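Keep in mind that this is a model prediction, so the values were computed, not measured.
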Amino acid sequence: MDTALRPSVVIWDITYACPLRCIHCYSESGRRPTRQLAADDLLRVAGALISLRPAEVALAGGEPLLVPGMMAAAERISAAGIQVSVYTSGWTLRPEQVEELAGVFTRIHVSVDGATAPVHDGIRGRTGSFERAMNALDFLDDAAELRRAEKGSPIAFGVDWVAVRSNFHEIERFCTDIAPRFRNLAFAGFGAAVPSGLASRQSFADRELLSDAQASLLKHVDFTAHLRSLLPDSVRMTTTDNRMLQMRPDQVERGEVMPGLQVEPDGEVRAMPIYEGTVGNILTENPYDLWARSVARWSHPVVTEALSGAYSMQEWAQAARRIDYHFGSAAVRARIDARPDLQEGPTVGRLG
C-alpha cells in the first residue's frame, strides 16, 4: 500500500471531562484527569493540525462543549478550509449555542445509543441522558427550521449510534419512532463498538461487543436496505462494522484502513486511533514527523503479530488488549489494570 502523505481525518479528543459514564467509552472520559489545554495552546494545536491539511478534523472527547476556547480553535480550523465536526452527548447543549455551532461545524453529531430511555441511559451511565439527547436534537431541529426559512441554508445535524448487544434490537425502533420526530435530521450513523478503552475489557467483549453475525449485518445489503426503508427519505444513513479501524496487516496492504491521526487532550498523538501508545506531542514536535511515526507503527512486529489472526470480534478484543499493554506507558498499564469488570445489566445513576 502507498503510505498516505498525511492523515485524511484527525480525531481530536479535546478533553476527557464528561458528564456521562458510558460503558463503551474508548477514552474512559469522566473517570480520569481531563488533561485539557488552555485556550492559547488549543489554538497552537489547531495550527499544527491545519499544517497537516486533513480533509476533516473531528472534535470529540469527553464532551467538547465543556471546553473554554473550543469554538475559537474550531473556527481557526474551519477558516483554513478544513471541515470540522463535533460529537456531543447533548447533555450541556443550550438553544442559544446552536447558531454559533452551526456557523463553524460542518456536521454536529449527537450521541444516541437507544430508542428508549432505559436502554440509552443504561449504556450512557446516567439517568436523564436520553432526555437530554432528545432535547439537544429538538434544539437543533428548531434552529434548522428557522435557518432554512431565514437563510435558505440547512444545519447538518444527526445521530451517532454505537451499536452494542444491549441496543442492537432498538436500531429499527429508532428509525421508525425517533428519527421522524426531527424534520431536519440530516444523517444517522450506526457503527459497531470497537474494542478500545473500556470496550476492550474481557467482560465487555463477553457481554456487549457485537457478535460476528451482528457486526456482519451492519454491512449486509439487505439489512441496510431494510433500515433505509424505515427512515425518512431525507435522512442519510450509514452503517459500519468499523473494521477499517482494526489495521490488520492484510487490510493495510489492501488500503482498507482509515488513515487517521488521534490527538489526546494534552497534545499527545496516538500511533493508532483506537489503541494505546503515543508517538510524541503535537505542541512540541513536527506534525509530519508524528504522522510518519504513526504510519510506522502499523507494521510494527507486535502489531502485525497481534492482529494477523484477529478476524472475529473476540479475537480483535484480545489483540487490542495485547497492543495496549505493550505500547502503553506505566501509567496507562496501571489504568488498564484498574478497570472494573462490566457489571451484569448496565447500571445508571445521577452524577454530580
Side-chain angles (χ1 to χ4, degrees), residues 20 22-26 87 109-125 129-130 133 158-179 187-231 235-248 250-251 256-258 273-275 306-307 309-321 323 341-348:
L20 306 186
C22 303
I23 63 171
H24 52 54
C25 186
Y26 69 86
Y87 289 76
H109 300 250
V110 178
S111 297
V112 177
D113 285 350
T116 60
V119 169
H120 175 96
D121 291 0
I123 293 168
R124 290 275 155 181
S129 58
F130 179 76
V159 163
D160 183 65
W161 178 295
V162 179
V164 294
R165 292 187 199 178
S166 59
N167 71 8
F168 199 82
H169 66 288
E170 287 205 343
I171 293 177
E172 291 174 296
R173 185 171 178 180
F174 170 84
C175 295
T176 58
D177 294 6
I178 304 300
F187 58 87
F190 305 98
V194 299
S196 178
L198 293 178
S200 70
R201 293 173 291 176
Q202 184 65 59
S203 55
F204 184 93
D206 290 341
R207 297 171 189 165
E208 286 289 357
L209 205 62
L210 293 185
S211 68
D212 294 333
Q214 288 173 321
S216 295
L217 275 178
L218 291 174
K219 293 191 70 177
H220 195 283
V221 62
D222 292 340
F223 182 72
T224 56
H226 171 62
L227 293 182
R228 282 195 183 90
S229 74
L230 301 178
L231 282 166
V235 177
R236 179 178 177 269
M237 188 197 77
T238 58
T239 61
T240 178
D241 61 4
N242 276 321
R243 291 283 191 171
M244 72 284 194
L245 293 169
Q246 187 174 3
M247 311 295 283
R248 279 196 329 266
D250 58 308
Q251 293 175 306
E256 297 173 355
V257 296
M258 184 192 78
I274 72 164
Y275 304 114
L307 291 173
Y311 289 93
S312 71
M313 297 295 283
Q314 289 287 336
E315 289 166 345
W316 185 6
Q318 184 177 8
R321 291 192 294 272
I323 292 169
D341 285 340
L342 179 67
Q343 299 178 17
E344 290 280 2
T347 58
V348 295

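With hydrogens and angles disregarded, a donor-acceptor distance shorter than 3.5 Å links the side chain of Asp113 to the backbone of Val162. Judged purely by atom type and a 3.5 angstrom limit, Asp121 uses its side chain to pair as donor or acceptor with the backbone of Phe130. Within the 3.5 Å criterion, the main-chain N or O of Ala310 finds a donor-acceptor partner in the side chain of Gln246. Looking at Asn242, its side chain does come within 3.5 Å of a backbone N or O of Ala192 through a donor-acceptor pair. Checking side-chain atoms of Gln314 against main-chain N and O of Ala205 turns up a donor-acceptor pair under 3.5 Å. Judged purely by atom type and a 3.5 angstrom limit, Arg124 has no side-chain atom pairing as donor or acceptor with the backbone of Cys22. Checking side-chain atoms of Ser203 against main-chain N and O of Asp341 turns up no donor-acceptor pair under 3.5 Å.
Here the closest heavy-atom approach between residue Ala179 and residue Leu231 is recorded as CB-CD2, 3.5 Å. Of all non-hydrogen atoms in Tyr275 and Leu307, the two that sit nearest each other are OH-CD2, 3.6 Å. The two atoms that bring Leu245 and Trp316 nearest to each other are C-CZ2, 4.2 Å, heavy atoms only. Here the closest heavy-atom approach between residue Phe223 and residue Leu217 is recorded as CD2-O, 3.1 Å. Scanning both residues, Leu209 and Ala317, for their nearest heavy atoms gives CD2-CB, 4.1 Å. Nearest heavy atom pair, residue Leu218 against residue Ala163, reads CD1-CB, 4.3 Å.
Proximity of Leu198 to Phe204: side-chain heavy atoms (C-beta onward) are nowhere separated by under 4.5 Å. Counting heavy atoms from C-beta outward, Asp250 and Tyr311 have side chains that approach closer than 4.5 Å. Side-chain contact between Cys175 and Glu172: absent, with no pair of heavy atoms (C-beta onward) separated by less than 4.5 Å. When side chains are defined from C-beta on, Gln318 does not count as touching Met313, because their heavy atoms never get closer than 4.5 Å. Here the side chains of Leu227 and Thr239 are in contact, with some heavy-atom distance below 4.5 Å. Proximity of Phe190 to Met237: side-chain heavy atoms (C-beta onward) are separated by under 4.5 Å at one or more points.
Taking CG from Leu210 and OG from Ser166, the interatomic distance works out to 9.5 Å, rounded to the nearest 0.5 Å. Distance check, rounded to the nearest 0.5 Å: CG of Asp206 to CZ of Arg165 gives 7.5 Å. Atom OG1 of Thr224 and atom NZ of Lys219 lie 11.0 Å apart (nearest 0.5 Å).
Residues Glu170 and His120 have side chains that never bring a donor and an acceptor to within less than 3.5 angstrom of each other. There is no side-chain donor-acceptor pair under 3.5 Å between Asp160 and Ser111.
With Met258 as the partner, the side chain to side chain contact (heavy atoms under 4.5 Å, CB included) test is satisfied by one option alone out of Met247, Arg243, Met244: Met244.
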query = Is there a side-chain contact (heavy atoms from CB on, under 4.5 Å) between Asn167 and Ile123 once you walk through the steps?
reply = CA-CA 8 Å; Asn167 71 8; Ile123 293 168; 3.6 Å; yes
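Under the rule for a side-chain hydrogen bond (donor to acceptor under 3.5 Å, both in side chains), the partners of Tyr26 that lie at least two apart in sequence or sit in another chain are Asp13.
Evaluation of the salt bridge (Lys or Arg N to Asp or Glu O under 4.0 Å) test over residues 191-203, restricted to residues two or more places apart or in two chains, returns none.
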